[in-house]
Amino acid sequence: MNATAQAKIKLLVFTPTLQCGGSEKFVSLLCNHIDSEKFQVCLVVLNNAAPFYKIKNPAVEVIDLKKQRVLFSLLRVKKVIKKYQPDIVFTTANHLNLYFAIFRRSFPVNIKFVARESSIVSINSSRAKFPSMYNRLIKRFYKRFNHIICQSVYMQQDLIGNYNIPANKTIVINNPAEMVLQSSAVPSTGPVADKTYKFITVARLSGEKGVERLIHAVGLLSIPFQFYIIGEGNKRNTLKDLVNELQLQDKIFLSGEKEDPFKGMEDADLFLMGSYYEGFPNVLLEALALGIPVIAFNAPGGIPEIVSAENGILVDDNDILEFAAAIKKGLSAGFDRNSIIENTQKRFSVNIIVPQIENLLLQLL
């Protein structure tokens, strides 16, 4: 079966929310850019009470199940699947993936099930309430998916090596990035006399994002700078206290959550990333799409698959002294920002990545 053999492929996409986050960003990009001539798409949001991302594609139907927890959603999910009769069910978050894998046999056998991993499974599982049980469930049930999309090679190897997922059931498809049209050439980076340098981080203010170690690193700098941290989370007060403790209130700004976090930040000299682990960070792609060079820790996940000598500097994980030195090195490196934009577009443009997902779905049928 293919798109020419029937009117359209019926695709049912499931996501826990459309709140601010990498997985939710991916879902919005997929729905807004998918080929509506080939796919009839319905997006099912378990709880869409406070959406951050908007589905602008008028061809995509959005259903809100109004369920606070995945655990209590099975009856509603079964009802939607029975009504919609999809060719493919596409799930997009780790705990939601596991839920569908466990109950796969409750649904019609002719439906293809595809999961997209939103994080590194072994690390994500270690943070679960009962890690050993969570890991056993993944090993037992994840094989029920027809295919699992991994954002990075690291994530794919994690699934194959730690959970015995057959390699032929996995595929690496990177996250997409929306590309910004540049009206003129972007000047390359390099040292400027008497300049106040501008750094930016976009991250949830939670422990795994490592914002505190970025604050410590910039606190070691002797150059004039302003550092904008865009995002919200449960560590806001802790981070604010750290900024005050280091007497950096006039240099570091907790700017809160923004719908367009890079607006007004296009001229940033560096994007700083402090994460302890990442699947394949959207915000890193968005920074590079604007030509902003990156300084990041060489943490587990997809970051080393994105950052190269042409677009940034990788630092040994948790070496804060080296990170501070890398910032100074990055400011004098003379990165070609136009080349960064061009290479990012060639590798990660939404117009490159979404067709890869479409092809996978078409091949399944």
Check: Does the side chain of Y134 come within less than 4.5 Å of L98's, by heavy atoms?
Finding: yes

Next item on the list: Go through L159 and C150 one step at a time and tell me if the side-chain contact (heavy atoms from CB on, under 4.5 Å) criterion holds.
Entry: CA-CA 9 Å; L159 277 176; C150 305; 3.8 Å; yes

Notebook entry, point to check: Is there a donor-acceptor pair closer than 3.5 Å between any side-chain N or O of D316 and the backbone N or O of D319?
Noted result: no

Checklist line | Side-chain donor or acceptor of R144 paired with backbone N/O of I102 under 3.5 Å | finding: yes

Item checked: Common cluster, V283/Y53, ILVMFWY with side-chain heavy-atom separation under 4.5 Å -> no

Next item on the list: May I ask whether V243 and I223 are part of the same hydrophobic cluster, defined by side-chain heavy atoms of I, L, V, M, F, W, Y residues being less than 4.5 angstrom apart, directly or through others?
Entry: yes

Next item on the list: Report the residue from T92, T91, N175 that forms a side chain to side chain donor-acceptor pair (under 3.5 Å) with R116.
Entry: N175

Check: Among the clusters formed by ILVMFWY side chains lying less than 4.5 Å apart, do M273 and L239 turn up in the same one?
Finding: yes

Check: Counting only N and O atoms by type, is there a donor-acceptor contact under 3.5 Å from the side chain of E117 to the main-chain atoms of Q151?
Finding: no

Item checked: Test: E208 and R127 ion pair at under 4.0 Å -> yes

Check: Counting distance only, does the side-chain N/O of E24 pair as donor-acceptor with the main-chain N or O of F52 below 3.5 Å?
Finding: no

Note to self: Out of the candidates I63, L43, L18, only one should pair with N48 under the side-chain contact (heavy atoms from CB on, under 4.5 Å) rule; please name it.
What the structure shows: L18

Next item on the list: May I have the step-by-step check of side-chain contact (heavy atoms from CB on, under 4.5 Å) for V60 and C42, ending in yes or no?
Entry: CA-CA 6 Å; V60 175; C42 179; over 6 Å; no

Notebook entry, point to check: For I303 and P281, which heavy atoms make the closest approach, and how far apart are they?
Noted result: CG1-CG, 4.0 Å

Notebook entry, point to check: Is there a side-chain contact between I81 and L12 (heavy atoms, below 4.5 Å)?
Noted result: yes

Check: Can a donor-acceptor pair be found between the side chains of Y228 and Q226 at a distance below 3.5 Å?
Finding: yes

Next item on the list: Considering only NZ, NE, NH1 and NH2 on the basic side and carboxylate oxygens on the acidic side, decide whether K25 and E178 come within less than 4.0 Å.
Entry: yes

Checklist line | Expected output: side-chain N311 to main-chain I306 donor-acceptor under 3.5 Å | finding: yes

Check: Any side-chain donor-acceptor pair under 3.5 Å between S339 and E310?
Finding: no

Next item on the list: Without swapping roles, check the side chain of T201 against the backbone of L272 for a donor-acceptor pair under 3.5 Å.
Entry: yes

Item checked: Heavy-atom donor-acceptor pair, K143 side chain to I165 backbone, under 3.5 Å -> no

Margin query: Please report whether the ring centroid of F145 lies less than 6.0 Å from that of F100.
Written below: no

Checklist line | Whether N298 side chain and D317 backbone form a donor-acceptor pair below 3.5 Å | finding: no

Notebook entry, point to check: Which atom names give the shortest non-hydrogen contact between V307 and G312, and what distance separates them?
Noted result: CG1-C, 3.9 Å

Notebook entry, point to check: Are the aromatic rings of F253 and F227 close, with centres under 6.0 Å apart?
Noted result: no

Next item on the list: Only one of K195, K198, R337 passes salt bridge (Lys or Arg N to Asp or Glu O under 4.0 Å) with D269; say which it is.
Entry: K195

Check: Are K54 and E259 ion-paired here, with the side-chain N under 4.0 Å from a carboxylate O?
Finding: yes

Margin query: Within a 6.0 Å radius of atom NZ on K328, are there more than 12 heavy atoms belonging to other residues, nucleotides or ligands?
Written below: no

Checklist line | Cation-pi check, R213 onto Y276 ring (under 6.0 Å, within 45° of axis) | finding: yes

Note to self: Less than 6.0 angstrom separating the ring centers of F297 and F323, yes or no?
What the structure shows: yes

Item checked: Derivation and outcome, side-chain contact (heavy atoms from CB on, under 4.5 Å), residues L270 and V294 -> CA-CA 6 Å; L270 294 172; V294 174; over 6 Å; no

Notebook entry, point to check: Of all heavy-atom pairs between E37 and K8, which one has the smallest distance, and what is that distance?
Noted result: O-CG, 3.7 Å

Item checked: Flag for N94-S119: side-chain donor and acceptor within less than 3.5 Å -> no

Notebook entry, point to check: Does S349 reach the main-chain N or O of K346 with its side chain, forming a donor-acceptor pair under 3.5 Å?
Noted result: no

Check: Heavy-atom distance under 4.5 Å between the side chains of F271 and I295, does that happen here?
Finding: no

Margin query: Is any side-chain heavy atom of Y163 closer than 4.5 Å to one of Y142?
Written below: no

Next item on the list: Keeping the roles fixed (side chain from Q19, backbone from T17), state whether a donor-acceptor pair exists under 3.5 Å.
Entry: no

Item checked: Side chains of I230 and M265 in contact at under 4.5 Å (non-hydrogen atoms) -> yes

Next item on the list: Could you tell me whether K10 sits above the aromatic face of Y84, with NZ or CZ closer than 6.0 angstrom to the six-membered ring centre and within 45 degrees of the axis?
Entry: yes

Margin query: Counting only heavy atoms from other residues, nucleotides and ligands, does the tally under 6.0 Å from CD of Q247 exceed 12?
Written below: no

Check: Can you find a side-chain donor-acceptor pair between S275 and E278 that sits under 3.5 Å?
Finding: yes

Notebook entry, point to check: Looking at F141, does the NZ or CZ of R104 lie under 6.0 angstrom from its six-membered ring centre and within 45 degrees of the ring axis?
Noted result: no

Item checked: Check: F107 ring centre within less than 6.0 Å of F103 ring centre -> no

Notebook entry, point to check: Does a side-chain heavy-atom distance below 4.5 Å link L221 with I327?
Noted result: yes

Checklist line | Side-chain H-bond candidate by donor/acceptor type, R347 with N174, under 3.5 Å | finding: no

Notebook entry, point to check: Can you hop from L137 to V77 via hydrophobic side chains spaced under 4.5 Å?
Noted result: yes

Check: Under 4.5 Å between side-chain heavy atoms, hopping through other hydrophobics if needed: is there a path connecting F113 to L74?
Finding: yes

Next item on the list: Please tell me if the side chains of V172 and S152 come closer than 4.5 Å, counting only heavy atoms from C-beta onward.
Entry: no

Notebook entry, point to check: So which heavy atom on A289 is nearest to which on I341, and how close?
Noted result: O-CG1, 3.6 Å

Checklist line | Nearest non-hydrogen partners of P293 and G291, listed with the distance | finding: CD-O, 3.3 Å

Check: Is any side-chain heavy atom of S122 closer than 4.5 Å to a side-chain heavy atom of I120?
Finding: yes

Checklist line | Of N57, V62, I34, the residue whose pairing with V41 passes side-chain contact (heavy atoms from CB on, under 4.5 Å) | finding: I34

